[in-house]
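Beneath this line is the structure, given in structure tokens, with notes to follow.
Just follow the structure's listing: the first ligand is 1, and inside any ligand the first atom is 1. Numbers for residues simply follow the sequence, beginning at 1.
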Amino acid sequence: MKSNPLKTRLASLQLENPTALASGILGYSTESLQRIAEAGAGAVVTKSVGLTPRMGYPNPTVVQASDGIINAMGLPNPGIAEYASEIRHTKNVIAIPLIVSVYGYTAEEYAQVAKTATAAGADAVELNVSCPHVKETGSEIGQNPTLLKDTVRKVKAATSKPVIVKLSPNVTDIVETAQAATTAGADALTATNTVRAIAINTETALPILSNTRGGLSGPAIKPIALRAVYDIHEQVNTPIIGCGGVTTWQDAVEFLLAGATAIQIGTAIAQQNPAVFTAINRGITAYLKKKKLGSVKEIVGQAHRH
Ligand SMILES: Cc1cc2nc3c(=O)[nH]c(=O)nc-3n(C[C@H](O)[C@H](O)[C@H](O)COP(=O)(O)O)c2cc1C
């Protein structure tokens with residue numbers, strides 16, 4: 001039997017293919033995560049969950065931009081105590097790795113949520129230290145290497161599962177935060193979260209989002225995220241998950257060539273549909289065949305050979 005050329009490994013996670021659902025795009029429910037698994041994703045990441053329930057912001061929370069969307073949802077979530085039973089249920093239903101995205105206001109909170117998520121069955125946790133529109137949660141931690149190291153160390157001590165750190169593009173030097181996360185023991189890095197943005201209504205002469213400011217995602221940010229992956233791969237030896245604007249198989253291959261081991265897809269699912277996973281996986285398979293390569297692992301970081 002021919003081996004699967006898309007099979008790859010991310011820290012200790014075995015993936016059937018290098019695509020994953022990005023955090024926040026289809027929420028938390030077992031049904032929506034199952035839909036993504038059936039659509040061909042290699043892994044799923046849940047929407048970010050915190051220690052206590054949070055309402056999120058009133059509408060409008062999403063606005064269309066050219067070639068992307070700007071969102072400020074405000075991290076609505078049921079809290080980890082409530083969500084733990086859904087994690088257990090999801091684990092019984094899906095066969096692909098379940099990565100639970102975690103946020104907090106302190107390092108201790110991140111650790112507590114990660115511990116509960118792991119006990120409920122999460123295969124890995126992804127730390128959202130990069131939400132650009134909720135004050136004092138992740139983004140401040142993700143922009144401060146000292147706070148980031150402390151948070152990653154405390155989470156590592158609270159779980160035996162891989163700890164993935166989702167980095168913010170809203171920093172002067174993303175390599176510095178990538179290095180801080182790595183020093184503290186991060187098993188993988190996701191690059192990146194959304195880019196700080198705003199939209200203004202010319203009729204009302206006011207910002208459109210209820211939170212005023214938000215984060216831009218979709219094709220508009222792809223070159224920014226791609227450069228983040230390229231720069232991190234050059235300096236840091238931790239597996240990277242590319243995230244930002246992946247819509248076609250060519251986008252996915254660009255991220256792999258830049259140094260990503262896997263990629264996450266968000267806005268393309270919201271704007272198209274989950275069939276994007278199969279389309280991207282087919283495209284990568286055809287690319288490998290055309291290049292006469294047996295495994296997707298062989299193209300990771302290839303753009304650095306010049
Ligand atoms: C509506 C929406 C909600 C999001 N919620 C979260 C979240 O809860 N946690 C998180 O880490 N990232 C969240 N993100 C960011 C995405 O996971 C991803 O990093 C970003 O959208 C870039 O990828 P994309 O261009 O493929 O969407 C959200 C993005 C969108 C559009």
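Taking the side chain as every heavy atom from C-beta outward, K47 and N77 never approach each other to under 4.5 Å. Looking at E31 and V93, their side chains never come closer than 4.5 Å, going by heavy atoms from C-beta outward. With a 4.5 Å cut-off on side-chain heavy atoms, V195 and N170 count as touching. Counting only heavy atoms from C-beta outward, the side chains of P169 and I221 never approach each other to under 4.5 Å. Between Q235 and Q179, some side-chain heavy-atom pair lies under the 4.5 Å cut-off.
Between Y230 and H304, the ring planes lie parallel to each other; the angle is under 30°, not in the 30° to 60° tilted range.
Both the backbone and the side chain of N193 come within 4.0 Å of ligand 1, judged by heavy-atom distances. Residue K166 touches ligand 1 through its side chain alone, judged by heavy-atom distances below 4.0 Å.
Proximity of V62 to ligand 1 is not established, as no heavy-atom distance is less than 4.0 Å. Using a 4.0 angstrom heavy-atom cutoff, C243 counts as in contact with ligand 1. At a 4.0 Å cut-off, not a single heavy atom of T190 sits close enough to ligand 1 to count as contact.
Summarising the geometry, atom OG1 belonging to T19 is positioned 8.0 Å from atom CD1 belonging to I96; distances are rounded to the nearest 0.5 Å.
Annotation: atom 9 (N) of ligand 1 to nearest protein heavy atom, S48 OG, 2.7 Å. Counting only heavy atoms of the protein, atom 13 (C) of ligand 1 lies nearest to S23 O, 3.1 Å. Taking atom 21 (O) of ligand 1 as the reference point, the nearest protein heavy-atom neighbour is S217 CB, 3.2 Å. Of all protein heavy atoms, the one lying nearest to atom 3 (C) of ligand 1 is G24 O, 3.5 Å. Taking atom 20 (C) of ligand 1 as the reference point, the nearest protein heavy-atom neighbour is T194 CG2, 3.8 Å. Protein heavy atom in closest approach to atom 26 (O) of ligand 1: G266 N, 2.9 Å.
At most 12 heavy atoms of other shown residues, nucleotides or ligands fall within 6.0 angstrom of atom NZ in K7.
Ligand 1 places these atoms under 4.0 Å from at least one heavy atom of T267: 24 (P), 25 (O), 26 (O), 27 (O). Set against the non-hydrogen atoms of G245, the atoms of ligand 1 under 4.0 Å away are 24 (P), 25 (O), 26 (O). Contact atoms of ligand 1 toward I25: 29 (C), 30 (C), 31 (C) (distance under 4.0 Å to a heavy atom of the residue). Listed by number with element, the atoms of ligand 1 under 4.0 angstrom from any heavy atom of K47 are 5 (N), 8 (O). Interface atoms of ligand 1 facing T192, defined by a heavy-atom separation under 4.0 Å, are 19 (O). Under a 4.0 Å criterion applied to the non-hydrogen atoms of I69, ligand 1 contributes the atoms 31 (C). With ligand atoms numbered from 1 in the order given, ligand 1 contributes 17 (O) to contacts under 4.0 Å with heavy atoms of A22. Using a 4.0 Å cut-off to heavy atoms of G244, the atoms of ligand 1 that qualify are 22 (C), 23 (O), 25 (O).
Of the possible donor and acceptor atoms, none in the side chain of N128 sits under 3.5 Å from a partner among the backbone N and O of Y103.
In this structure, of N71, L21, L127, the residue bringing a heavy atom nearest to atom 1 (C) of ligand 1 is N71.
At a cut-off of 3.5 Å, with distance as the only test, a side-chain donor of T190 or E126 sits close to an acceptor on the other residue.
A salt bridge does not link K291 to E298: none of the charged side-chain nitrogens sits closer than 4.0 Å to a carboxylate oxygen.
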### Query
D187 and K161: salt bridge (Lys or Arg N to Asp or Glu O under 4.0 Å), yes or no, with the steps?
CA-CA 9 Å; D187 299 286; K161 298 290 181 184; over 6 Å; no
